[in-house]
Amino acid sequence: MKLSELLNIVLVLILIGVIIKFNYDESKEEKIANDLITSEAVMDSLHVKKSVGKRPFLFPMPIGIIGSYDSCGTPNVMAASWVGIVNSKPLSIGVSLRPATYTYKNVMRTKSFTVNIANEKLISYVDWVGHYTGKEMNKFEELSLTPVRSKLVDAPYVHEFPVVLECKVVEITNLGKHTHFVGEIMDVKVDTAILKADNKNLVDIYKLRPVMTGQGSGYFGIGQHLGRGGKVYQRLGIDPKSE
């Protein structure tokens, strides 16, 4: 075979190789582009919104055990998830109750209530008092819980519950199906075992291990710590001062 023929064959092979590589690179780039489009589509699909109507969707929701006295002086407790801090000065908490509940009538009469915070070990008690009424029974006796008469407000609190807020009603608002009671927090009592080691006026959330609800999804405990307030936002890497 002549040298010129051999060179022609080599050139043809090189040309074929270049064409194959070009087609492969083009196909690879097209695949990457398609993958990006698919990935973006998947991300967008995660944020497709659907109207589910008017629902009390606030996640999670705390659970407060509301303590009160009836007209005979019998202590009572009920579970309420529509409860939360509403003011800083005077420090106040709000709870919404239906007029059909026994607790509503008690609080309307005494203008006092307590909010008892449960831990995970007390979840059975939380569920029980949320399903039975105190109209025909003494819940404390049924559950062998210990009522303690508050010295600051006309309401009992539960000795076995680790955190107690003693509240005096300062405002009542009829909202419709519920009535909203705003209670000024007169004092908070906390089991010493759940206080922070480095600050005896603060509760250690991991020692308390409070419970919450998820709107029809039952009860939940706390999850992992996600970061300190005033520090987490730094992960965004956005400094308004630099703009």
Within a radius of less than 6.0 Å around [atom1] of [X], do more than 12 heavy atoms belonging to other residues, nucleotides or ligands occur?
X	atom1	result
K231	NZ	no
Y125	OH	no
E136	CD	no
K139	NZ	yes
K200	NZ	yes
K196	NZ	no

Is [X] linked to [Y] within one hydrophobic cluster, defined over Ile, Leu, Val, Met, Phe, Trp and Tyr using a side-chain heavy-atom separation of less than 4.5 Å?
X	Y	value
I65	L97	no
I66	W82	no
Y132	F140	yes
V211	F161	yes
V95	Y102	no

Heavy-atom pair with the smallest gap, counting every atom of [X] and [Y]:
X	Y	answer
K111	I172	CE-CD1, 3.9 Å
Q224	Y206	C-OH, 3.6 Å
H225	R228	CE1-N, 3.9 Å
I185	C167	CG1-SG, 4.2 Å
L195	N201	CD2-C, 4.5 Å
P156	P75	CG-CB, 3.8 Å

Please round to the nearest 0.5 Å and tell me the distance separating atom [atom1] of [X] and atom [atom2] of [Y].
X	Y	atom1	atom2	value
L152	S112	CG	OG	10.0 Å
L175	R98	CG	CZ	14.0 Å
N116	M78	CG	CE	12.5 Å
M108	S68	CE	OG	13.0 Å
I63	L122	CD1	CG	11.5 Å
E184	K89	CD	NZ	11.5 Å

Distance-only, no hydrogens or angles: does the [X] side chain make a donor-acceptor pair with backbone N or O of [Y] under 3.5 Å?
X	Y	value
H178	N174	no
S88	L91	no
S92	P90	yes

Determine whether the aromatic ring centres of residues F57 and F59 are separated by less than 6.0 angstrom.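 Between F59 and F57, the centre distance is under 6.0 Å.
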Test side chain to side chain contact (heavy atoms under 4.5 Å, CB included) applied to I93 and V115, step by step: CA-CA 9 Å; I93 191 169; V115 180; 4.1 Å; yes
As a test of understanding, state which of N138, D70, V129, T103 forms a side chain to side chain contact (heavy atoms under 4.5 Å, CB included) with N76. T103
Taking the basic N atoms (NZ, or NE/NH1/NH2) and the acidic carboxylate oxygens, is any pair closer than 4.0 Å for D154 and R149? yes
Using the rule given for side chain to side chain contact (heavy atoms under 4.5 Å, CB included), can you reason through I117 versus V164, listing the C-alpha separation, both sets of side-chain angles and the distance that settles it, and then say yes or no? CA-CA 6 Å; I117 307 301; V164 178; over 6 Å; no
Before giving the answer on side chain to side chain contact (heavy atoms under 4.5 Å, CB included), spell out for N87 and I85 the whole-Å C-alpha distance, their side-chain angles and the decisive distance to 0.1 Å. CA-CA 6 Å; N87 192 36; I85 299 298; over 6 Å; no
Can you check whether [X] reaches [Y] side chain to side chain, under 4.5 Å on heavy atoms?
X	Y	answer
I194	D204	no
F220	T213	no
P162	V190	no

How far apart are the C-alpha atoms of T173 and H180, what are their side-chain angles, what is the distance that settles it, and do they pass the side chain to side chain donor-acceptor pair (under 3.5 Å) test? CA-CA 5 Å; T173 305; H180 188 68; over 6 Å; no
What's the verdict on side chain to side chain contact (heavy atoms under 4.5 Å, CB included) for Y219 and M212, showing C-alpha distance, side-chain angles and the deciding distance? CA-CA 6 Å; Y219 305 104; M212 59 203 77; over 6 Å; no
Do you see a donor-acceptor pair shorter than 3.5 Å between the side chains of S150 and E166? yes
